[in-house]
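What follows is a single structure, written as structure tokens, with notes after it.
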Amino acid sequence: MPTRSRPTRTGPNPPTEVPDVSEPLDKAAVRERVWDDLEDSGEARFPFPPHGRIPNFAGADAAADRLAEQPEWERATAIKANPDAPQLPVRRRALREGKTVYMAVPRLRDEECFLKLDPDDLADYDAATTVSGSSKHGEQIGPDEVDRVDLIVSGSVAVTESGGRIGKGEGYSDLEYAVLRDLGLVDDATPVATTVHERQLIDGPVEIGSHDVAMNLVVTPDRVVRPETGDQPTGIDWELLADERLAEIPVLRRLRER
């Protein structure tokens with residue numbers, strides 16, 4: 001597991017505190033605590049409840065605006081983004097700035113496992129960037145048709161100040177990264193960002209596996225955190241994949257045969 005050092009950041013607000021523990025926190029427990037906190041504080045936004053999903057939050061638009069001020073965003077021409085509600089303003093802003101957006105087909109279930117949103121080919125950016133609209137307006141393509149990705153934007157349930165991300169627990173975000181890495185479309189120099197509410201940013205160690213993708217750029221409505229992370233996963237860890245998942249995802253079978 002790569003060493004994660006203390007981050008540098010801008011902005012006045014401290015991270016959300018977690019109980020002082022000597023052992024890393026269990027991801028499942030952190031998820032429940034963050035979901036409950038967003039709901040109880042009134043900071044969660046539609047869709048409700050926040051539980052069981054990448055939670056939408058008050059200030060998602062402001063976080064997207066702050067992300068767009070960063071040099072990693074300004075340099076990017078092709079972005080791989082998650083399809084969840086809190087990153088909707090990120091996807092829309094990317095298209096409006098002429099950036100191509102790639103999204104994974106849910107659960108990578110098809111041979112053509114990515115959706116390409118090309119701003120030059122779309123008439124309605126708002127419709128094309130919703131979960132249902134992306135499949136209708138986007139072009140479904142195979143992994144060989146994906147351009148090199150300049151920036152990845154991931155949704156998170158929680159993230160630590162050292163860049164450790166906690167997702168919904170299904171593992172697809174990390175798997176999508178691994179597929180892109182195996183195809184040579186991303187590498188250690190490809191920045192990975194997430195936009196979250198301040199309450200989703202936690203101060204404490206969390207169980208991080210060798211397959212977990214670290215966040216290089218954590219953006220809230222109020223500040224930017226830049227963790228100094230180690231190397232990212234180098235590709236698919238075949239030993240972690242169950243036979244059922246291999247059977248369900250055509251691109252995995254193809255890459256394994258290759």
Test your reading of the model: is there a side-chain donor-acceptor pair from [X] to the backbone of [Y], 3.5 Å cut-off?
| X | Y | result |
| --- | --- | --- |
| Asp118 | Thr100 | no |
| Thr160 | Pro205 | no |
| Arg91 | Pro83 | yes |

#### Entry: Lys/Arg-Asp/Glu bridge criterion (N-O < 4.0 Å) met for Arg181, Asp188
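Yes, Arg181 and Asp188 are salt-bridged.
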
### Query
In terms of side-chain geometry, is the basic nitrogen of Glu97 or Arg93 positioned less than 4.0 Å from the acidic oxygen of its partner?
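Salt bridge present between Glu97 and Arg93.
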
List the residues meeting side chain to side chain donor-acceptor pair (under 3.5 Å) with [X], not counting sequence neighbours, and say none if there are none.
| X | answer |
| --- | --- |
| Ser173 | none |
| Asp150 | Thr77 |
| Arg256 | none |
| Arg96 | Asp126 |

### Query
side chain to side chain contact (heavy atoms under 4.5 Å, CB included) with Leu252: which residues, sequence neighbours excluded?
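Listed in chain order: Leu175, Val179, Ile236, Trp238, Leu241, Arg245, Leu246, Ile249.
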
### Task
With sequence neighbours excluded, tell me which residues meet side chain to side chain contact (heavy atoms under 4.5 Å, CB included) with Ala28.
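Ala28 satisfies side chain to side chain contact (heavy atoms under 4.5 Å, CB included) with Asp26, Arg31 only.
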
### Query
Which distance, rounded to the nearest 0.5 Å, do you find between the CZ of Arg199 and the CG of Leu201?
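Output value for this atom pair is 12.5 Å.
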
Enumerate donor-acceptor pairs with a distance under 3.5 Å from any side-chain N or O in residues 105-115 to protein atoms, sequence neighbours excluded.
| unit_1 | atom_1 | unit_2 | atom_2 | d |
| --- | --- | --- | --- | --- |
| Arg107 | NH1 | Tyr172 | OH | 3.3 |
| Arg107 | NH2 | Glu170 | OE2 | 3.2 |
| Asp110 | OD2 | Gln140 | NE2 | 2.9 |

### Query
Where does the angle between the aromatic ring planes of His51 and Trp35 fall among parallel (under 30°), tilted (30 to 60°) and perpendicular (over 60°)?
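If you compare the ring of His51 with that of Trp35, the planes turn out tilted.
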
Measuring only between side-chain heavy atoms, which start at C-beta, is [X] closer than 4.5 Å to [Y]?
| X | Y | answer |
| --- | --- | --- |
| Val213 | Arg165 | no |
| Ile79 | Tyr102 | no |
| Arg66 | Val224 | yes |
| Thr129 | Val101 | no |

### Query
Side-chain heavy atoms under 4.5 angstrom apart, residues restricted to Ile, Leu, Val, Met, Phe, Trp, Tyr: same cluster for Tyr125 and Leu88?
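Each belongs to a different hydrophobic cluster.
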
### Task
Under 4.5 Å between side-chain heavy atoms, chaining through other members, with only Ile, Leu, Val, Met, Phe, Trp and Tyr counted: pull out the rest of the cluster around Phe48, sorted by chain and number.
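Same cluster as Phe48: Phe46.
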
### Task
Using salt bridge (charged side-chain N to carboxylate O under 4.0 Å, His left out) as the criterion, list what pairs up with Lys99, not counting sequence neighbours.
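Partners of Lys99 under the salt bridge (charged side-chain N to carboxylate O under 4.0 Å, His left out) test: none.
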
### Message
Restricting to salt bridge (charged side-chain N to carboxylate O under 4.0 Å, His left out), what partner residues turn up for Asp36, sequence neighbours left out?
### Response
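Asp36: no salt bridge (charged side-chain N to carboxylate O under 4.0 Å, His left out) contacts found.
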
### Query
So which pairs with a foot in residues 39-52 pass salt bridge (Lys or Arg N to Asp or Glu O under 4.0 Å), sequence neighbours left out?
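Residue pairs passing salt bridge (Lys or Arg N to Asp or Glu O under 4.0 Å), neighbours aside: none found.
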
### Message
By the salt bridge (Lys or Arg N to Asp or Glu O under 4.0 Å) test, which pairs, at least two apart or in different chains, include something from residues 72-84?
### Response
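Output for this query lists Glu72-Arg226, Lys80-Glu176.
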
